[in-house]
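A quick write-up on the structure given underneath.
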2 protein chains.
Amino acid sequence: MSPNIGTVWSDSIEHLTEKQTSVTAMSQHRKTPVQVETVEPAACSVDLRLSILQKVPFFSDLPDAEIRTLNDQFREYGFQPGEPIYFSGEKAATLYVVASGQVKLLRHSMSGQDVLLDILKPGDYFGSLTTLADELYPDTAQAHTAVCVLSIQTEAFRTLLQQYPPVALTVLDITARRLQETQEIVRRLSADSVEQRIAAVLLKLAQKLGEISDEGILIQMPLSRDDLAQMTGTTTETASRIISQFQKEGLVHSGRKWIVITGRPGLKMIAAAADTV
Amino acid sequence: MSPNIGTVWSDSIEHLTEKQTSVTAMSQHRKTPVQVETVEPAACSVDLRLSILQKVPFFSDLPDAEIRTLNDQFREYGFQPGEPIYFSGEKAATLYVVASGQVKLLRHSMSGQDVLLDILKPGDYFGSLTTLADELYPDTAQAHTAVCVLSIQTEAFRTLLQQYPPVALTVLDITARRLQETQEIVRRLSADSVEQRIAAVLLKLAQKLGEISDEGILIQMPLSRDDLAQMTGTTTETASRIISQFQKEGLVHSGRKWIVITGRPGLKMIAAAADTV
DNA sequence: GCCGTTACATGATCTGGCTCAAATAACTGC
DNA sequence: GCAGTTATTTGAGCCAGATCATGTAACGGC
């Protein structure tokens, strides 16, 4: 059997915003180039709430008036970096939407090893989407940066989905897409080397959170070797070694908790390479 | 941080059907105990179609009259074991439902290694659920046994979802559930040993396709060491070694392409064990 | 019932990546 | 600016599991 193999998803970076880095034009920086936005932890303004709800892909189809109504159904919460939003095993009945900042989604193992499933950005949803079975969160959500999240009871959300079929379809699309992406991760964990997996994750993050800087594509969030390791099913040490190697090869420029991609084509080669050459 | 860890999903086997094994009461069988149902490859009867559509979780809420209408929208196809239903990379615009038999869902890697994402049973859907992006199948669907599948154009299906919001919600629930399960696989691949992964997959398959026999729970489908390896991200040899070991420990009884679970509690211990004891 | 084919088993060897360990370097708070 | 803390780097040894190799047993076809 010789099926078509290939990357199916778009991998353009055209959407990336170019931000004028006022600091260190000579690029020999040692300080993090990541711009951590300091959010008032306990409240996002009403304006922010509305603009976020509009930005949530779910609701982008809805008329403004409807969104204003929805707005009342949501509550807002702020969390500090590292703070848990909910724990795996807790009773699950709430759906969340990231308003600002980033949220980590992770699963814990008996061995103590945590696996980082995803890092969510503003507009992404998480938590309990459906009123299934036993109603316990299978994963833990944790603030990665300072975040503001909007929340709604799962039941209320489902009523809403019944009311607006197009919204339900959009939510389905997003969930189906996430399933595809997660299946690709399964494939990578089963068939690719750690080096390939790390290259792939860097490219993915660049696509998702990348920002053009004078040196290359800055992944606009704090990203430690350990985060990287938890995302690729390896150890901190190995992640560190691989990043060092990439840096030697001129593919990335990195420091403490930040990475700039300087050789996207090279990383793509590595991520896609068949071992058997 | 010390979050709650634990199995969230129900793991009962109460639903398993008990089938009177007419063959080899003395259980020293060498021939496969798996009962391969021989289906007319190119056609499932109209009755079968209706009863399948009713069984599909999507439509179980719908009144019979509606289902009869739906029936016209579906076409049916038969496939022989090993035959591809669609290939990754092909243009995707069709949604399928398994009517009878089992379907493998897999992804290919450049290295030639295939990863088995799931084995679907009657009532399960696969193919293109949503009209997303570039419309290429990211995975390959292949008949595992002789199968009969029903198919509908993705567009028609979406129209249908718009018409029946409760159906859309059910589809969403199923997709969300699959996402959860796939994330659990990611966790296992990242954090568990091969032995644990194989034990877990056996239990999962037992829950899904198990049938009580006089010896234990028979996984009612052909299941080779290679299938097992592709599901757990290991090699055929290692899978074989682990099964041999399980057999020595009295946890399973197995032959060529079949496995009976004789020690469910033992397997559960292994699947759940923290390495650090 | 025999033969060819296809799974499966198992030994021997090799290695990518994990573990353990210890030294630096970057940030933070004061 | 200094001290303490936390992230990163790098080395050395080790091991689970991959690879390579070979033998054997089950099954299907005729």
Expressed in angstrom and rounded to an integer, what is the separation of [X] atom [atom1] from [N] atom [atom2]?
X	N	atom1	atom2	value
A/Gln245	D/dG11	CD	P	13 Å
A/Glu237	C/dA23	CD	P	16 Å
A/Gln113	C/dT19	CD	C1'	13 Å
A/Trp258	C/dA26	CH2	C1'	11 Å
B/Glu195	D/dC15	CD	P	17 Å
B/Ile242	C/dC8	CD1	P	15 Å
B/Ile243	C/dC8	CD1	P	10 Å
B/Leu223	C/dA7	CG	P	13 Å

Classify the side chain of A/Arg241 and the base of C/dG16 as holding, or not holding, a donor-acceptor pair under 3.5 Å.
no
So does A/Arg256 reach the base of D/dT6 with its side chain, donor to acceptor, closer than 3.5 Å?
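Check passes, donor-acceptor contact within cut-off.
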A/Leu179 vs B/Arg178, test: side chain to side chain contact (heavy atoms under 4.5 Å, CB included). Steps then yes/no.
CA-CA 7 Å; A/Leu179 176 57; B/Arg178 278 206 203 165; 4.0 Å; yes
Base, sugar-phosphate or nothing for B/Ser244? Non-hydrogen atoms, less than 4.0 Å.
sugar-phosphate
Does B/Thr234 reach a base, just sugar-phosphate, or nothing at all? Heavy atoms under 4.0 Å.
sugar-phosphate
[N] phosphate, OP1 or OP2, under 4.0 Å from [X] side-chain N/O:
X	N	answer
B/Thr238	D/dA18	yes
B/Thr235	D/dT19	no
B/Arg225	C/dA9	yes

Judged by nearest nucleotide, the residue sitting upstream toward the 5' end of DNA chain C, A/Val194 or B/Ser224, is B/Ser224
Indicate whether the side chain of B/Ser88 and that of B/Asp139 have a donor and an acceptor atom separated by less than 3.5 Å.
no
Considering only NZ, NE, NH1 and NH2 on the basic side and carboxylate oxygens on the acidic side, decide whether B/Lys104 and B/Asp118 come within less than 4.0 Å.
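Judged by the 4.0 Å cut-off on N to carboxylate O distance, B/Lys104 and B/Asp118 do not form a salt bridge.
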Taking the inter-plane angle between the rings of B/Phe126 and B/Tyr96 on a 0 to 90° scale, is it parallel (under 30°), tilted (30 to 60°) or perpendicular (over 60°)?
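Parallel, since the angle between the ring planes stays under 30°.
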Kindly indicate whether the side chain of A/Gln196, heavy atoms from C-beta on, has any atom under 4.5 Å from the side chain of A/Ser193.
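In short, these two side chains touch, coming nearer than 4.5 Å.
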